[in-house]
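Counting starts at 1 for both ligands and their atoms, in listed order.
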Amino acid sequence: MDAAQPRLAVEVVTLFPDAVLNQLTIGVVGRAIERGLVRVGAEDPRKYAQDVHRTVDDRPYGGGPGMVLKVEPMATAIAAASARLPSGSPRIYLSAQGRPFDQATARRLAALPGFLLLAGRYEGVDERLIDETMDEELSIGDYVLSGGELAALVVIDATVRLLPGVLGDAESAEQESFGAHGALLDWPHYTRPEQWRGRPVPDVLRGGDHAAIRRWRLKQALGRTAERRPELMAGRELTSEERVLLQEYREEHES
Ligand code: 9WO
């Protein structure tokens, strides 16, 4: 069964459309596509190259190593992909120079009818193409990749998980209280066996005291966030329970 209308339409402009679409067939996103909750298309600029060699790159003005993606095939591919999207779908260039992509950005994108992602290759795309055709520029982190495709897949994955009906009710509720709104790191997870290499599963998780388990998990999430990512705590108001739990975590982890 497929839904009449997808909740979200995404287009990726990339020199590797098959690799991008193939990656999206697995897991949570793959299921969301199968169920018609999201539609993802890809457009290859090479289709619009104007010479027999299907050339999409050219030498950089000013010299230096590497090549720059040519404007004409890129602009034609962007127009073709845009034509398949609902009006008002923003066009986003993925680059290390973009604004940081975070959970709040994923929530903003998940509320849109659609968006286009442009994945660059080589040394990048002609700046005039960005100015002329892109609405925003996003970075998934401070490192250089070999192309924008992996960044596009990260943005799609984080966004699609937030669409209503994509995750089960239990997973959605957990995501709501932590990843998205609480902005805390996850707590530790355990499964069988009860002992592994001399390490036991914490006692509290093996008892059936659900209030105690909730308290332990919140304590771990607060403690780990404060230790590992203090900047995430800075903009966060702690409840009185949270203050007590964080103090307990610190006392239990003194050394
Ligand atoms: C390559 C290069 C080589 C020599 C000197 C400078 C250079 N810069 C680059 C470069 O940034 N290439 C980019 C590769 C061109 C656009 C697509 N590429 C890309 C995207 N790398 N990293 C990203 C990216 C995207 C989103 N978030 C983080 C990184």
Side-chain angles (χ1 to χ4, degrees), residues 8-24 26-27 29 38 40-49 54-82 85 89-110 112 114-162 179-180 183 185 229 231-232:
L8 178 71
V10 181
E11 289 287 336
V12 186
V13 174
T14 169
L15 292 173
F16 301 99
D18 295 343
V20 168
L21 293 179
N22 186 53
Q23 182 57 223
L24 296 171
I26 69 170
V29 173
V38 55
V40 184
E43 194 64 53
D44 183 355
R46 208 173 286 283
K47 266 175 48 184
Y48 305 100
R54 316 262 88 182
T55 306
V56 291
D57 59 340
D58 203 347
R59 291 148 64 218
Y61 275 113
M67 301 292 271
V68 175
L69 286 161
K70 291 171 69 61
V71 286
E72 270 315 325
M74 296 300 288
T76 310
I78 291 164
S82 288
L85 291 172
S89 300
R91 299 156 162 186
I92 301 164
Y93 179 51
L94 297 158
S95 87
Q97 289 72 48
R99 293 183 179 286
F101 174 77
D102 59 11
Q103 194 66 23
T105 312
R107 264 181 263 133
R108 172 168 64 81
L109 297 182
L112 295 170
F115 56 86
L116 179 150
L117 298 173
L118 173 59
R121 278 274 153 176
Y122 311 117
E123 268 48 74
V125 307
D126 189 300
E127 193 69 17
R128 294 166 298 180
L129 182 86
I130 302 172
D131 295 342
E132 199 51 36
T133 68
M134 294 292 119
D135 300 299
E136 52 183 304
E137 199 165 330
L138 290 177
S139 166
I140 63 158
D142 294 334
Y143 33 74
V144 180
L145 301 170
S146 305
E149 286 79 9
L150 288 171
L153 290 167
V154 166
V155 168
I156 292 168
D157 188 282
T159 302
V160 168
R161 301 172 54 74
L162 298 176
L185 302 185
R229 300 290 305 280
E231 78 280 11
L232 294 181

Against heavy atoms of [X], which atoms of ligand 1 measure under 4.0 Å?
| X | value |
| --- | --- |
| Gly124 | 15 (C), 16 (C) |
| Gly120 | 17 (C) |
| Ile140 | 26 (C), 27 (N), 28 (C) |
| Tyr93 | 16 (C) |
| Ala151 | 25 (C), 26 (C) |
| Tyr143 | 28 (C), 29 (C) |
| Tyr122 | 12 (N), 13 (C), 14 (C), 15 (C) |

Out of Gly64, Gly141, Ala152, whose heavy atom sits nearest atom 28 (C) of ligand 1?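 Selected option, by shortest heavy-atom distance: Gly141.
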Report the member of Val144, Leu94, Val68, Leu117 with the shortest heavy-atom distance to atom 20 (C) of ligand 1.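 The nearest heavy atom belongs to Leu94.
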Which atom pair, heavy atoms only, marks the closest approach of [X] to [Y]?
| X | Y | value |
| --- | --- | --- |
| Thr105 | Pro100 | OG1-O, 3.8 Å |
| Leu85 | Ala9 | CD2-O, 3.5 Å |
| Ala152 | Val12 | CB-CG1, 4.3 Å |
| Ser89 | Asp135 | O-OD2, 4.4 Å |
| Leu118 | Leu129 | CD2-CD2, 4.1 Å |
| Val13 | Pro45 | CG1-CG, 3.9 Å |

Just by distance, no angles: are the side chains of Ser82 and Arg91 close enough, under 3.5 Å, to form a donor-acceptor pair?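 There is such a pair (donor and acceptor under 3.5 Å, judged by atom type) between the side chains of Ser82 and Arg91.
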In the protein, what heavy atom is nearest to [atom], and what distance, to one decimal place, separates them?
| atom | result |
| --- | --- |
| atom 22 (N) of ligand 1 | Leu145 N, 3.0 Å |
| atom 18 (N) of ligand 1 | Gly147 CA, 3.6 Å |
| atom 24 (C) of ligand 1 | Ala96 N, 3.7 Å |
| atom 2 (C) of ligand 1 | Glu123 OE2, 3.2 Å |

Do the side chains of [X] and [Y] get close enough for a salt bridge, i.e. N-O under 4.0 angstrom?
| X | Y | result |
| --- | --- | --- |
| Arg108 | Glu136 | yes |
| Asp58 | Lys70 | yes |
| Arg46 | Asp44 | no |

Return yes when at least one protein heavy atom is under 4.0 Å from atom 5 (C) of ligand 1, and no when none is.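 Flag for atom 5 (C) of ligand 1 set to false, no protein heavy atom closer than 4.0 Å.
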Flag: protein heavy atom within less than 4.0 Å of atom 8 (N) of ligand 1: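 No.
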